Protein chains: 2
Amino acid sequence: MTSAPTWTIAQVAEEFGVTHRTVRHYEDLGLISPERRGTQRIYHRRDRTRLGLILRGKRLGFPLEEIRTIIDLFDAPRGRRTQLEYVLGQIDERRADLDQRLRDIQDAIAELGEFERRCREDLDKLA
Amino acid sequence: MTSAPTWTIAQVAEEFGVTHRTVRHYEDLGLISPERRGTQRIYHRRDRTRLGLILRGKRLGFPLEEIRTIIDLFDAPRGRRTQLEYVLGQIDERRADLDQRLRDIQDAIAELGEFERRCREDLDKLA
DNA sequence: ATCCTGCTTTACGTTTACGTCAACGTCAAG
DNA sequence: CTTGACGTTGACGTAAACGTAAAGCAGGAT
């Protein structure tokens, strides 16, 4: 029987391309909470999943505090009806935000394409 | 003949939903450079266009310095061939970045949808 | 036994993106 | 002519997201 794999802070930092300081900073803010074996931090798959979500959130420009509320949402207990309805409401809010960003990105890409077309035109005229 | 419309700092700030301090901050960083009539700032359509680009860049999480290099690119002189080729290279870099963000956004939206589906399932079971 | 390597906490430093006074100019209205 | 409303330039404050020593513990190699 192979037990569940674990990682050290150096390993996860290396794997995700961040510093150990960054990883601990996320822990300070409550975004991850690795197991402790004595004083050492032990990272499980769950922590790596969350770290992945954090970094994607960062690439999308979300502040860490907001990222925390989002990924906490995924792990939130969804037993009672009121809780589930609250979560569904939060999902709608998040989706509205993401949809806005999607439009922004698509617009930006479209404008960039149009700009490139004009540049290539100018380049052709010089030929 | 109607002359070109202009705006005061309060008007553009109001219109774009930011403070005058923010607008001046962007000017300090060289992202916009409104005309001066005496000591007063006069904003033209060009400035509003740039302000719109700045704020979209911000929604996408770009740092202001990077936003400056991007929108400066749009206004850069494209006379010489070397300059045009440089600009086209920059466009490719920007597009790679935007494509990554597009994927991130789409993934996030998809995961959110999947999460919502599971929540609705749980809710149905409670009915 | 001690030396090295990796991990730990504590704490101050830095950059970005503004907020927030303070103190003054200016111009039309009362 | 003075009172607002709006504009201006500093200059300092602040929150977020780490960077960067400093100093110490802990377990294996020599």
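Predicted model, so just to flag it, every value in this text is computed and none were measured. Here is the naming used below: chain letters follow the sequence lines, and residue numbers restart at 1 for every chain. FYI, side chains are in, hydrogens and waters are out, and symmetry mates aren't considered; it's all heavy atoms of this structure.
- Tracing side-chain contacts under 4.5 Å through hydrophobic residues (I, L, V, M, F, W, Y), one never reaches A/Ile42 starting from A/Val18; they form parts of separate clusters.
- In this structure, CD1 of A/Ile42 is placed 8 Å from P of C/dT8, rounded to the nearest angstrom.
- Among C/dT20, C/dT8, D/dC18, the nucleotide with an atom closest to any side-chain atom of B/Arg21 is C/dT20.
- Distance check: B/Gln40 CD to B/Tyr43 OH gives 10.5 Å after rounding to the nearest 0.5 Å.
- Separating the NZ atom of B/Lys58 from the P atom of C/dT16 is a distance of 14 Å, rounded to the nearest angstrom.
- Atom pair A/Asp28:CG and C/dT9:P shows a separation of 8 Å (rounding to whole Å applied).
- Checking D/dA17, C/dA11, D/dG7 against every side-chain atom of B/Thr8, the shortest atom distance belongs to D/dG7.
- Atom CD of B/Glu65 is separated from atom C1' of C/dT15 by 11 Å (rounded to the nearest Å).
- Atom CD of A/Glu27 is separated from atom C1' of C/dT9 by 12 Å (rounded to the nearest Å).
- Closest contact between the side chain of A/Arg24 and the listed nucleotides D/dC18, C/dC7, C/dT9 involves C/dT9.
- Taking only side-chain nitrogens and oxygens, B/Tyr26 never comes nearer than 4.0 Å to OP1 or OP2 of C/dA17.
- Linking ILVMFWY side-chain heavy atoms closer than 4.5 Å, directly or via other members, places B/Phe16 and B/Ile70 in a single hydrophobic cluster.
- Geometrically, A/Arg120 does not engage A/Phe115 in a cation-pi contact defined by less than 6.0 Å to the ring centre and at most 45° from the axis.
- Going from atom CG of A/Asp99 over to atom CD1 of B/Ile109 covers 5.0 Å, rounded to the nearest 0.5 Å.
- Separating the CZ atom of B/Arg36 from the P atom of D/dT8 is a distance of 6 Å, rounded to the nearest angstrom.
- Rotation axes derived from the C1' atoms of the five outermost pairs at either end of the helix from C/dA1-D/dT30 to C/dG30-D/dC1 lie 20° apart, to the nearest 10°.
- The distance from atom CD of B/Glu66 to atom P of C/dA17 is 10 Å, rounded to the nearest whole Å.
- Side-chain atoms of B/Arg41 stay outside donor-acceptor range of the base of D/dT8, with no qualifying N/O pair under 3.5 Å.
- Taking side-chain N and O atoms only, A/Thr19 has a distance below 4.0 Å to OP1 or OP2 of D/dG19.
- With B/Tyr26 as the aromatic partner, B/Arg50 does not meet the cation-pi criteria of under 6.0 angstrom to the ring centre and within 45 degrees of the ring axis.
- Under a cut-off of 6.0 angstrom, the local environment of OH in B/Tyr86 is sparse, with at most 12 non-hydrogen atoms contributed by other residues, nucleotides or ligands.
- One atom, OH of A/Tyr43, and another, C1' of C/dG6, lie 13 Å apart when rounded to the nearest Å.
- Look at B/Thr22 and you'll find a side-chain N or O under 4.0 angstrom from OP1 or OP2 of C/dG19.
- The listed nucleotides are C/dT8, D/dT20, C/dC18; the one nearest the side chain of B/His25 is C/dC18.
- Judged by closest nucleotide on DNA chain C, A/Ile9 is the one of A/Ile9 and B/Phe62 placed further toward the 5' end.
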